[in-house]
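These notes concern the structure reproduced below.
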There are 2 protein chains.
Amino acid sequence: MITIGQLARYIGVSTKTIRVYHDKGLFSEPDRDASGYRRYGAKDAIDLVKIRTLAEAGVPLSRIKDLRSATDQEFQQALHEIDNNLTTRIRDLRATQGRLRELAAGHLAPLPTEVAAHLQHLARWGFTPRWVDLQRDLWILVFATHPDRAINLFHDQAETLADLALRQLFLDYDRAHDLNADDPRIDNLARRIAKAIQDRYGPDEPPELDAASAIPALIQDTVNASSPAWQRVDTLIRAHLGA
Amino acid sequence: MITIGQLARYIGVSTKTIRVYHDKGLFSEPDRDASGYRRYGAKDAIDLVKIRTLAEAGVPLSRIKDLRSATDQEFQQALHEIDNNLTTRIRDLRATQGRLRELAAGHLAPLPTEVAAHLQHLARWGFTPRWVDLQRDLWILVFATHPDRAINLFHDQAETLADLALRQLFLDYDRAHDLNADDPRIDNLARRIAKAIQDRYGPDEPPELDAASAIPALIQDTVNASSPAWQRVDTLIRAHLGA
DNA sequence: ACTTGACCTTTCCCTAGGGGCAAGGTTGCA
DNA sequence: TGCAACCTTGCCCCTAGGGAAAGGTCAAGT
């Protein structure tokens with residue numbers, strides 16, 4: 001009959017672990033020898049291997065305890081469930097590993113992949129990093145606040161930018177960032193943008209989030225804050241549309 | 001700027017989790033609005049996605065905190081290490097899944113596979129389940145107490161049983177279990193076994209564990225306890241060998 | 001016979017990563 | 001104006017053990 005330390009080394013756990021299993025009642029206490037030491041037999045070793053197998057599979061100790069007194073039927077069904085559980089855990093870990101590698105490559109984004117791809121298109125089309133960053137922030141906030149409608153809104157925007165002429169308009173908007181606020185090209189730009197909006201959406205409102213939502217305004221404020229020229233463009237567009 | 005609840009839903013964590021990350025200093029507190037609510041921006045969402053990716057990979061929160069102030073060099077190396085870690089975790093989980101399935105099939109044993117195979121041979125050779133169970137217990141104890149020498153001892157035993165005549169001797173031992181202790185066949189059996197032992201190992205000691213180890217005696221005691229006939233066989237063998 | 005080191009015993013506190021509740025303040029919508 | 005759904009901090013609870021304290025025991029060497 002072996003001691004707790006021998007059993008622990010043999011099975012590959014700590015003595016502490018074995019004592020915890022005794023305390024929690026999922027591994028029955030063996031008889032003690034004359035000096036009060038626990039003495040284990042072969043049956044205990046077999047039991048412990050089973051318990052460890054379940055514990056390593058992530059089964060809570062309390063559940064392992066319950067399983068000890070389950071019928072064979074229940075036990076088999078539980079094993080099946082645990083097996084499935086393990087399969088999804090492995091799949092999740094692999095997904096995490098994939099994301100970890102994206103993080104290593106610097107590509108990790110909290111956005112749907114199609115949005116991330118779109119942002120890369122922007123860079124290739126000649127938009128400045130400043131613009132691309134602004135767009136990323138915008139979409140993150142929109143997806144966070146309106147998960148249901150964000151994707152439609154995004155598709156509309158992506159469609160707009162697929163059109164060469166309209167894209168040029170946005171490129172001009174991007175480049176206007178560093179103009180003086182009183183540059184005559186700004187009024188010209190605002191006029192062209194207002195016309196394009198009306199051509200696309202008619203006299204109705206352009207698609208928006210809630211009328212109540214403060215997000216679009218907030219985004220626009222953030223945008224405007226970074227350049228007097230952009231602020232001027234915004235003001236002029238509203239004037240053209242509102243009139 | 002979004003609230004903690006919106007950020008939590010968007011990233012897929014609980015608000016509690018976010019607060020814990022703030023408390024542990026791995027996710028910096030954002031500014032508060034007029035009523036004291038935390039208000040998050042797009043950069044925070046990006047940060048949180050990174051933190052979650054690492055946390056889901058099993059990186060301790062304290063390490064994630066340290067990584068925030070690491071150089072790019074260190075960061076990349078850490079990611080590599082975490083990636084390897086994840087790979088072994090996935091491999092371990094698959095091994096656990098394998099053992100789980102053996103458990104489901106009832107084949108789980110805390111013994112090397114060759115020993116498990118040997119035990120199955122025993123059953124096919126006509127040994128009773130009682131004998132096979134006893135052998136399993138014996139080997140479990142031997143492997144637990146003497147991991148280094150057990151395998152040699154086992155090979156010696158397996159070799160012995162591969163010999164048809166010797167195997168028959170053990171089969172007779174097995175069947176003697178239910179004889180009366182004074183059955184004349186018992187002395188005959190003991191004499192034949194003693195002779196076989198001397199033929200195999202000469203006048204020297206048969207291979208054993210430590211002279212100090214109580215295991216062989218303990219096993220033998222357990223064996224003897226289950227049948228007066230077996231106890232008699234043991235006594236007679238000792239007499240024949242000791243003389 | 002004595003010491004030494006490696007065991008064993010129990011009890012207690014500590015950890016990570018949150019969950020859940022309480023008691024209170026805020027916001028949005030009808 | 002009221003109600004539901006937020007938010008705030010603070011507190012205790014959980015799992016699966018780790019580690020240390022304080023003491024008893026065993027085997028080996030001297």
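Sequence lines set the chain letters: A, B, ... in the order given, protein chains first and strands last, and positions in each chain run from 1.
Considering only the side chain of A/Arg9, C/dC7 comes nearest among D/dG17, C/dG18, C/dC7. Here the nucleotide nearest the side chain of A/Leu61, chosen from D/dG17, D/dC11, C/dT10, is D/dG17. Among C/dT9, C/dG18, D/dG17, the nucleotide with an atom closest to any side-chain atom of B/Arg52 is C/dG18. Of the listed nucleotides (C/dC7, D/dT8, C/dG19), D/dT8 has the atom at the smallest distance from the side chain of B/Tyr37. Side-chain proximity of A/Thr3 to the nucleotides D/dC7, D/dG18, C/dC8 is greatest for C/dC8. Counting only heavy atoms from C-beta on, B/Ser35 has its side chain closest to C/dT26 among D/dG18, C/dT26, D/dC11.
Rounded to whole Å, atom C1' of D/dT8 lies 12 Å from atom CG of B/Asp23. Following rounding to the nearest Å, B/Ile18 (CD1) and D/dT9 (P) show an atom-to-atom distance of 13 Å. Rounded to an integer number of Å, the gap from CD1 of A/Ile64 to P of D/dT15 is 13 Å. Atom P of nucleotide D/dC6 and atom CG of B/Leu7 are separated by 15 Å, given to the nearest angstrom. Per the geometry, CZ belonging to A/Arg19 stands 7 Å off C1' belonging to C/dT9, to the nearest Å. Across the protein-nucleic acid pair, A/Ile4 atom CD1 and D/dT25 atom C1' stand 15 Å apart, rounded to whole Å. Straight-line distance from the OH atom of B/Tyr10 to the C1' atom of D/dC6: 21 Å, rounded to whole Å. When rounded to the nearest whole Å, the span between NZ of B/Lys16 and C1' of D/dT8 equals 12 Å.
Residue contacts for B/Arg38: at a heavy-atom cut-off of 4.0 Å it reaches the sugar-phosphate backbone alone, with no base atom in range. Within 4.0 Å (heavy atoms only), A/Arg32 reaches sugar-phosphate atoms of the nucleic acid but no base atom.
With hydrogens and angles ignored, the 3.5 Å screen pairs no side-chain donor or acceptor of A/Thr17 with any backbone N or O of A/Val13. Side chain of A/Gln76 to main chain of B/Ala104: a donor-acceptor pair is present (N/O by atom type, distance under 3.5 Å, no hydrogens or angles). Judged by distance alone, the side chain of A/Glu74 and the main-chain N or O of A/Thr71 form a donor-acceptor pair under 3.5 Å. Here the side chain of A/Asp44 pairs a donor or acceptor atom with the backbone of A/Gly41 at under 3.5 angstrom.
Nucleotides of DNA chain C nearest to B/Pro60 and B/Asp33 differ in position, and the one nearer the 5' end is that of B/Pro60. For the pair B/Tyr40 and A/Tyr21, both in contact range of DNA chain D, the more 5′-proximal nearest nucleotide belongs to B/Tyr40. Comparing B/Arg39 and B/Gly58 against DNA chain C, the residue whose closest nucleotide sits nearer the 5' end is B/Gly58.
Between B/Thr15 and D/dT8 there is no side-chain N or O to OP1 or OP2 distance below 4.0 Å.
Counting only N and O atoms by type, the side chains of B/Thr3 and B/Arg39 include no donor and acceptor under 3.5 Å apart.
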